Amino acid sequence: MQVDVLIVGGGFGGAFAARELDKLLSRRDIDVLLVSPENFLLFSPLLPEAASGTLEPRHAVVPLREMLTSTSLMIGEVTDIDVGARTATVVSVNGDRETIRFREAVLSPGAVPSVFAIPGLHDHAVGFKTLADAIWLRNRVVRQLDAADAEPDPGRRRELLTFTFVGGGYAGVEALAELESFARDAVKAHPRLAIHDCRWVLVEATNSLLPGLDPRLARFTESSLRRRGVEVRLGTRLVSCVDGVVNLSDDGVLPYRSETIVWTAGQTPSPVAARWNLESDDRGFVPVDDRMAIPGIEGIYAVGDFAAVPEPDGGLAPSTAQHALRQARVAAKNIAQRYGVGDGARYRYRTRGLAVTLGKWQGTAQVRRFTFTGPLAWWMGRSYHLLMIPGLGRKLRVVADWTMALLFRRDIAQLGQLGTPSRLPEP
Ligand SMILES: Cc1cc2nc3c(=O)[nH]c(=O)nc-3n(C[C@H](O)[C@H](O)[C@H](O)COP(=O)(O)OP(=O)(O)OC[C@H]3O[C@@H](n4cnc5c(N)ncnc54)[C@H](O)[C@@H]3O)c2cc1C
């Protein structure tokens, strides 16, 4: 297959690059192909709310076919790229292997969880990055509450209801806060349980939660979680979790059994750079210039969590969705310029604000040098995410979910069997 522009990855970087090219090149006869393993863009800022059931999980994604007009979509994975020869190998959803020839490319394969050789981690911990992770975690909390409700032994009940999150960045803090808020409501439907039967532990290796945010907000987040009974363990590392027994580097905490361990301790760029013979820095990011171009390789761009993007004031852009989608637009404009459309663009974006939701009515936000906490910050975070979601229909679905969640009690059905159809009985 021959295309003009190949886009790798249907996350924030890839999907928004394709969307911008749709707009810029709509009147031209230019073939743009997006290759993505999923047929949707996962709107990860909404993942914690999908996990807590405030939002219907399907509404935390945007179908790529709905979002794009003239870009073609191929569901599959790019297994190899030769940027010199301008060829890519794609294994499609059917398992077919196809060679794609292209002229320009936008590489946006994102990041993967960074893991370490911690005994028991691989067998007992789960990540928090995909929609499946969010759905699993919600069902897990409901299942643990049901199991604890039927458990007469208080010690065993405590083990069932102990949830440990390792990593106090945005993903870990938001996921824990949303699920704790969910459990707080769900526990009311279990007559034999009380909220203090649940133990929530947040382990962070540095001395502050939410690195990168204004320290005042980090402190507010910490005290808000502590007030809710969450054990926040700063300056502490997970040493092991063999058989679900959590051992922390803090000698003051005795090893304890936690049936649910969530690993949210950072991300590392997708490891494909080495396989694709792309130069990367010591942390695995592919360096680009302020036009998102990989230096020395004409017409090849990298964006998002995969790329080391220079910020206008020095340093590198953080790995966030708000940066990835703007980098994508810059890459698209520079590609369009190669086809005689527009003047191209340079990356000038500076972080304007950050928002962290901490469950129902609770949040922290920072807009330039102003900080906000509580219900106002919670509302600001939601409004900002709503603005980012592409398409009016999607926005309305999310608003409807949020409204329902405020008006009615949480849905505590455990739908863990979804995705596993029942077998017909033997004749
Ligand atoms: C739980 C969570 C909450 C977050 N909250 C926020 C937030 O509130 N605000 C914010 O700004 N950011 C947030 N982020 C960060 C944000 O999601 C990322 O910075 C953003 O998704 C980066 O975009 P990307 O395109 O680089 O990667 P992604 O969005 O991860 O997309 C990469 C895509 O590439 C695909 N891919 C990988 N390899 C290949 C291949 N070989 N071939 C084809 N496709 C491939 C992947 O399947 C994926 O779909 C959050 C992240 C998480 C995990």
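Atoms within a ligand are numbered from 1 in the order they appear, just like the ligands themselves. Everything quoted here is computed from the prediction, not taken from an experiment.
Under 4.0 Å is where a charged nitrogen must lie from a carboxylate oxygen, and between D250 and R237 no such pair does. Under 4.0 Å is where a charged nitrogen must lie from a carboxylate oxygen, and between R233 and E204 no such pair does. Residues E180 and R228 are paired through a salt bridge, judged by an N-O separation under 4.0 Å between the basic side chain and the carboxylate. Comment: E298 engages R338 in a salt bridge, judged by a side-chain N to carboxylate O separation of less than 4.0 angstrom. Ionic pairing of R394 and E66 is present here: one or more N-O contacts between side-chain nitrogen and carboxylate oxygen are shorter than 4.0 angstrom. Under a 4.0 Å N-O distance rule, the pair D80/R275 does not qualify as a salt bridge. Look at E311 and R350 and you find no salt bridge, because none of the NZ, NE, NH1 or NH2 atoms lies under 4.0 Å from a carboxylate O. Under the 4.0 Å criterion applied to side-chain N and carboxylate O atoms, E49 and R382 are assigned as salt-bridge partners.
For T130, the side chain to side chain donor-acceptor pair (under 3.5 Å) partners are D133, not counting sequence neighbours.
Interface atoms of ligand 1 facing G304, defined by a heavy-atom separation under 4.0 Å, are 26 (O). Annotation for ligand 1: atoms under 4.0 Å from non-hydrogen atoms of E77 are 40 (C), 41 (N), 42 (N). Near A171, with a cut-off below 4.0 Å to any heavy atom, the atoms of ligand 1 are 1 (C). The distance from ligand 1 to the heavy atoms of A324 drops below 4.0 Å at these ligand atoms: 22 (C), 23 (O). Ligand-side atoms of ligand 1 in range of S319: 19 (O), range being under 4.0 angstrom from any heavy atom. Atoms of ligand 1 lying under 4.0 Å from any heavy atom of V35, numbered from 1 in the order shown and given with element: 43 (C), 44 (N).
Taking every heavy atom of both residues into account, F128 and A134 meet most closely at CE1-CA, 3.9 Å.
Residue contacts with ligand 1: F306 is placed with no nitrogen or oxygen under 3.5 Å of a nitrogen or oxygen of the ligand (distance criterion only). Taking distance alone, with nitrogen or oxygen atoms compared against 3.5 Å, F12 approaches ligand 1 more closely than that limit. In terms of polar-atom proximity, W276 is not counted as a contact of ligand 1, lacking any N or O under 3.5 Å from an N or O of the ligand. Considering backbone and side-chain N/O of Q322, one or more are found under 3.5 Å from N/O of ligand 1. Checked by distance only, ligand 1 and E174 stay at 3.5 Å or farther apart across all their nitrogen or oxygen atoms.
When G169, P269, S108, G9 are ranked by how near their heavy atoms come to atom 32 (C) of ligand 1, first place goes to S108. One option in V8, I7, V78 has a heavy atom closer to atom 41 (N) of ligand 1 than any other, and that option is V78. Considering only non-hydrogen atoms, atom 3 (C) of ligand 1 lies nearest to S44 out of P48, S44, A51. Selection from A17, P109, P37 by nearest heavy atom to atom 44 (N) of ligand 1 gives P37.
Put simply, the side chain of V3 does not reach to within 4.5 Å of the side chain of V32, judged on heavy atoms.
The protein heavy atom nearest to atom 26 (O) of ligand 1 is D305 N, 2.8 Å. Counting only heavy atoms of the protein, atom 33 (C) of ligand 1 lies nearest to G11 N, 3.7 Å. Closest to atom 8 (O) of ligand 1, if we only count protein heavy atoms, is P45 CB, 3.4 Å. Of the protein's non-hydrogen atoms, the one nearest atom 27 (O) of ligand 1 is G110 CA, 3.4 Å. In terms of protein heavy-atom proximity, atom 25 (O) of ligand 1 is closest to G13 N, 2.7 Å. Ranking the protein heavy atoms by distance from atom 30 (O) of ligand 1 puts K129 NZ, 3.7 Å first. Of all protein heavy atoms, the one lying nearest to atom 15 (C) of ligand 1 is A321 N, 4.0 Å. Scanning the protein for heavy atoms near atom 49 (O) of ligand 1, the closest one is E38 OE1, 3.1 Å.
For the ligand labelled ligand 1, residue F128 lies inside the 4.0 Å heavy-atom shell.
Of all the heavy atoms of H385, the ones lying under 4.0 Å from any atom of ligand 1 belong exclusively to the side chain.
Here the CD atom belonging to E222 is positioned 5.5 Å from the CG atom belonging to L209, to the nearest 0.5 angstrom. Here the CG atom belonging to D31 is positioned 10.0 Å from the CZ atom belonging to R103, to the nearest 0.5 angstrom.
For the pair R326 and Y349, the cation-pi criterion (under 6.0 Å, within 45° of the ring axis) is fulfilled.
Taking the six-membered ring for Trp and thresholds of 30 and 60 degrees, W263 and F116 have ring planes more than 60 degrees apart, a perpendicular arrangement.
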